[in-house]
Structures are given as C-alpha cells and as structure tokens.
Amino acid sequence: MAEEDNTETIRPEFPIGRVKKIMKLDKDINKITSEAMFVVATSTELFLRLLAENSTKVTIEKKRKTINLEHMRIAVKRHQATSDFLLDSLPVPTQPLDRPATERTRSNPAPEKPLPVGTRRIDDFFRKPPSEDPVEINDS
C-alpha cells in the first residue's frame with residue numbers, strides 16, 4: 001500500500017499578485033521567486049494577526065469595544081521585537097483618547113475656507129436646488 005499524503009496546501013490570505021507589486025516597488029529587487037512571495041505574504045499575515053491579537057488584549061484591558069491607535073501603540077510597546085522597528089512609524093496621538101468624545105470636540109469650529117472657482121462642496125451635490133419643484137408621478 002502506498003503512503004497517503006495528509007499534507008494540506010497552505011495559502012496566504014493576501015493576494016500573491018498584490019504582494020508581488022508591493023515588493024517590486026523596491027528598486028533593488030529585480031526578480032521575485034514564488035517561494036519568496038509566499039514567505040513574505042505568510043509572514044505579513046502572521047505579523048498582522050499578532051498585532052491584532054495584542055491590540056485586542058489591550059482594548060479588553062481598557063474596557064473598550066473598539067481598537068484605537070493608542071491601544072495599538074501600547075501593544076507594540078509591549079512586544080520588544082515589534083517595538084524596535086514599528087513604534088517610530090506609528091503616528092503619535094494628538095489627544096488623549098480616554099476622555100469622552102464630547103470633551104474632545106472643539107467648541108469653536110474652524111471657519112470654512114472659500115472654495116476655489118468652479119468647485120462646490122459635496123453637500124451641495126446632494127442638496128436639491130431651492131427653485132426645483134417636486135415631480136409628481138401618476139400611476140394611470
């Protein structure tokens with residue numbers, strides 16, 4: 001009797017074509033083997049899974065329901081290998097995120113800048129002109 005192969009094919013979640021395009025953005029890379037693309041795609045998937053799991057733990061510790069930037073920063077700080085290269089790349093939070101949203105909003109909204117000639121706001125696109133009368137449809 002021949003031995004049965006019980007090996008599963010492992011496929012990364014990220015599209016290999018997109019991984020290849022991103023890797024080719026580096027001018028030093030000329031050719032990419034399929035094995036290299038597979039390793040990079042799988043490694044990226046595992047890294048993002050680790051970052052998401054650690055950020056989720058921090059979010060639960062803070063008794064929140066949504067992961068935010070501060071939770072990700074704390075998760076990165078706790079994992080030394082990630083902290084060494086990623087912490088400087090994360091944006092610094094501008095406001096403390098533990099305060100309620102009402103305290104974070106500005107009391108004086110910034111004045112609107114005049115629009116360039118020939119442009120209009122997206123709100124105006126969806127608003128009916130004031131002179132337009134509603135259209136009546138007869139079912140007869």
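Bear in mind that the values here come from a model prediction, so they are computed numbers and not experimental data.
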Value rounded to 0.5 Å, distance of [atom1] in [X] from [atom2] in [Y]:
X: Lys20; Y: Ile32; atom1: NZ; atom2: CD1; value: 6.5 Å
X: Leu87; Y: Arg73; atom1: CG; atom2: CZ; value: 5.0 Å
X: Ile67; Y: Thr56; atom1: CD1; atom2: OG1; value: 3.5 Å
X: Leu86; Y: His79; atom1: CG; atom2: NE2; value: 11.0 Å
X: Lys21; Y: Met37; atom1: NZ; atom2: CE; value: 12.5 Å

pair Ile74-Lys62: side-chain heavy atoms closer than 4.5 Å: yes

Any Val58 side-chain heavy atom under 4.5 Å of Arg78 side chain: yes

N-O pairing of Lys77 and Glu70 below 4.0 Å: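 No, no charged N to carboxylate O under 4.0 Å.
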
Worked check of side-chain contact (heavy atoms from CB on, under 4.5 Å) between Ile22 and Arg18: CA-CA 6 Å; Ile22 293 170; Arg18 191 165 295 169; 4.3 Å; yes

Verify same cluster id: Val19, Leu25 (apolar side-chain graph, 4.5 Å): no

Side-chain donor/acceptor pairs under 3.5 Å, residues 41-53, sequence neighbours excluded:
from	atom 1	to	atom 2	distance (Å)
Thr42	OG1	Phe38	O	2.8
Ser43	OG	Val39	O	2.7
Thr44	OG1	Val40	O	2.7
Glu45	OE1	Glu13	N	2.9
Glu45	OE2	Arg49	NH2	3.1

Side-chain donor-acceptor contact under 3.5 Å, Thr59 with His71: yes

